[in-house]
Number of protein chains: 2
Amino acid sequence: MDYQNYVQMLKAMADPNRLKIIDLLSCGSLCACDILQHFDFSQPTLSHHMKVLQNAGIVFAVKDGKWQHYSLQKRFVQEFKQNTDQLLAADEHCLCQRSDCEKDVAN
Amino acid sequence: MDYQNYVQMLKAMADPNRLKIIDLLSCGSLCACDILQHFDFSQPTLSHHMKVLQNAGIVFAVKDGKWQHYSLQKRFVQEFKQNTDQLLAADEHCLCQRSDCEKDVAN
DNA sequence: CCATTACATAGACGATCATCTATGTATAGT
DNA sequence: ACTATACATAGATGATCGTCTATGTAATGG
């Protein structure tokens with residue numbers, strides 16, 4: 001499994017404010033000023049967070065006049081769930097490579 | 001949704017080494033020395049990572065003589081998937097609370 | 001007992017991070 | 001043209017993070 005991209009997603013999500021932004025965008029696209037209203041931090045801070053989310057492939061932006069409309073990347077939603085399932089499944093991709101691997105033992 | 005616990009899980013997962021530890025443990029319990037063999041960092045560093053994973057509710061430890069056996073918390077596997085689904089679903093829990101909420105608009 | 005093994009704790013250090021203020025850059029309205 | 005609005009960029013700062021070395025502790029074996 002490709003950790004690199006998944007870790008970047010996790011890092012971007014591992015901030016309460018960015019997680020809330022993702023939650024906001026899960027119901028549709030919003031412009032920066034709309035998002036900002038839900039937070040106490042400054043506008044440059046939001047700009048920073050949006051860039052982190054874009055770099056992680058979580059969010060994409062469309063410019064419309066003065067406004068930047070942000071939306072969740074559909075591909076992110078799909079890939080994140082897929083990577084999560086793969087990570088947490090006790091299946092045959094087992095990394096431990098030990099002869100006494102306990103992958104079949106329930107905990 | 002309770003961000004606090006979910007964010008703590010995400011933070012703990014947002015490190016490539018800890019993610020690999022989770023992957024290793026997804027196929028069964030391992031002791032610290034077994035886990036350490038898969039990495040280049042020092043033993044205290046592993047001890048630190050295991051504590052982070054325990055504090056996040058991802059891993060639990062059972063002591064057996066000299067050995068510490070680590071396993072994934074079943075509850076974590078379940079709750080993490082559940083929280084992820086809830087976060088990324090465009091359902092009625094919409095936070096934006098705007099009259100023109102676009103939660104029904106596909107992107 | 002003493003040495004070894006398995007692991008934890010303490011403290012330090014450099015890197016990364018979230019946030020801020022100050023400022024720049026478009027776009028829109030009058 | 002001027003002003004206001006929406007957003008980005010630059011640079012600074014304090015906090016957090018991942019890692020290390022040094023050391024402590026508890027269990028095991030001869």
Side-chain angles (χ1 to χ4, degrees), chain A residues 3-25 29-71 96 98 100 102, chain B residues 3-25 29-71 96 98 100 102:
Chain A
Y3 285 156
Q4 202 160 355
N5 194 16
Y6 189 44
V7 166
Q8 198 181 6
M9 292 177 184
L10 289 166
K11 272 186 182 163
M13 297 170 72
D15 174 85
N17 290 321
R18 285 198 294 263
L19 199 60
K20 189 173 171 182
I21 293 172
I22 294 173
D23 210 354
L24 286 167
L25 292 178
S29 80
L30 292 170
C31 70
C33 52
D34 287 333
I35 299 174
L36 191 56
Q37 288 184 330
H38 291 84
F39 297 96
D40 291 329
F41 50 64
S42 65
Q43 174 267 321
T45 296
L46 176 64
S47 198
H48 160 72
H49 285 314
M50 297 317 295
K51 198 165 199 175
V52 171
L53 290 171
Q54 286 182 81
N55 289 340
I58 294 177
V59 157
F60 72 95
V62 177
K63 187 164 188 176
D64 172 29
K66 289 190 297 182
W67 291 276
Q68 281 281 4
H69 291 280
Y70 295 104
S71 305
C96 64
R98 298 190 309 147
D100 58 336
E102 307 176 27
Chain B
Y3 284 156
Q4 202 160 357
N5 194 15
Y6 189 45
V7 166
Q8 196 180 8
M9 291 176 184
L10 288 166
K11 273 188 181 163
M13 297 170 73
D15 174 86
N17 290 321
R18 285 197 294 264
L19 199 61
K20 189 173 172 183
I21 292 172
I22 293 173
D23 210 355
L24 287 167
L25 292 178
S29 80
L30 292 169
C31 69
C33 52
D34 287 333
I35 299 174
L36 190 57
Q37 288 184 329
H38 291 85
F39 297 96
D40 291 330
F41 50 63
S42 65
Q43 174 268 319
T45 296
L46 176 64
S47 198
H48 161 72
H49 285 314
M50 298 317 295
K51 197 164 200 175
V52 171
L53 291 171
Q54 287 181 80
N55 290 340
I58 294 177
V59 157
F60 72 95
V62 176
K63 188 163 190 178
D64 171 31
K66 289 190 294 182
W67 291 276
Q68 280 282 3
H69 292 281
Y70 295 104
S71 304
C96 62
R98 298 189 310 147
D100 59 336
E102 307 176 28

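Since the model is a prediction, treat every value here as computed from it, not as a measurement. The figures that follow rest on heavy atoms only: side chains count, while hydrogens, waters and symmetry mates do not.
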In whole angstroms, the gap separating C1' of C/dC20 from CG of A/Asn17 amounts to 14 Å
The residue among A/Asn17, A/Asp23, A/Asp15 that forms side-chain hydrogen bond (donor to acceptor under 3.5 Å, both in side chains) with B/Tyr3 is A/Asp23
Here the distance between atom C1' of C/dA18 and atom CZ of A/Phe39, to the nearest Å, is 13 Å
Separation of C/dA18 atom C1' from A/Leu19 atom CG, nearest Å, is 16 Å
Just distance, no hydrogens or angles: give the donor-acceptor pairs under 3.5 Å from side chains in residues 57-66 of chain A, sequence neighbours left out.
none

For residues 48-55 of chain B, which side-chain N or O atoms pair as donor and acceptor with protein atoms under 3.5 Å away, sequence neighbours left out?
from, atom 1, to, atom 2, distance (Å)
B/His49, ND1, B/Arg18, NH1, 3.1
B/Gln54, NE2, B/Met50, O, 3.4
B/Asn55, ND2, B/Lys51, O, 3.3

If you compare every side-chain N and O of B/Arg18 against the phosphate oxygens of D/dG18 (OP1, OP2), does one of them come in below 4.0 Å? yes
To the nearest 0.5 Å, atom CG of B/Leu24 lies from atom OH of B/Tyr70 at 13.5 Å
In whole angstroms, the gap separating P of D/dA6 from CG of A/Asp34 amounts to 10 Å
Contact list (N/O, under 3.5 angstrom) for nucleotides 24-30 of chain D vs protein:
none

Taken to the nearest whole Å, CG/B/Leu36 to C1'/C/dA6 is 11 Å
request  = Tell me whether the OP1 or OP2 atom of D/dT19 has a side-chain N or O from B/His49 closer than 4.0 Å.
outcome  = yes
Applying side-chain contact (heavy atoms from CB on, under 4.5 Å) to B/Ile35 and B/Leu25, what does each step give before you reach the verdict? CA-CA 9 Å; B/Ile35 299 174; B/Leu25 292 178; 4.2 Å; yes
One should read off an interatomic distance between A/Gln68 CD and A/Ser29 OG, to the nearest 0.5 angstrom, of 11.5 Å
From CD of A/Gln37 across to C1' of D/dT5 the rounded distance in Å is 14 Å
Does A/His69 form a side-chain contact (heavy atoms from CB on, under 4.5 Å) with A/Cys31? I'd like the steps, not just the answer.
CA-CA 4 Å; A/His69 291 280; A/Cys31 70; 4.2 Å; yes
Which atom pairs, donor and acceptor, lie under 3.5 Å between side-chain atoms of residues 40-47 of chain A and protein residues at least two apart or in another chain?
from, atom 1, to, atom 2, distance (Å)
A/Ser42, OG, A/Thr45, OG1, 3.1

B/Asp15 CG to C/dA15 C1', in whole Å, measures 13 Å
Identify all pairs in which a protein N or O lies below 3.5 Å from an N or O of nucleotides 8-12 of chain D, and state each distance.
from, atom 1, to, atom 2, distance (Å)
D/dA8, OP1, A/Tyr70, OH, 2.9
D/dA8, OP2, A/Ser47, OG, 2.6
D/dA8, O5', A/Ser47, OG, 3.4
D/dA8, N7, A/Gln43, NE2, 2.8
D/dA8, N6, A/Gln43, OE1, 3.1
D/dT9, OP2, A/Lys51, NZ, 3.0

| query | Do the side chain of A/Lys20 and the main chain of A/His38 share a donor and acceptor less than 3.5 angstrom apart? | reply | yes
From NZ of A/Lys20 across to P of C/dA18 the rounded distance in Å is 17 Å
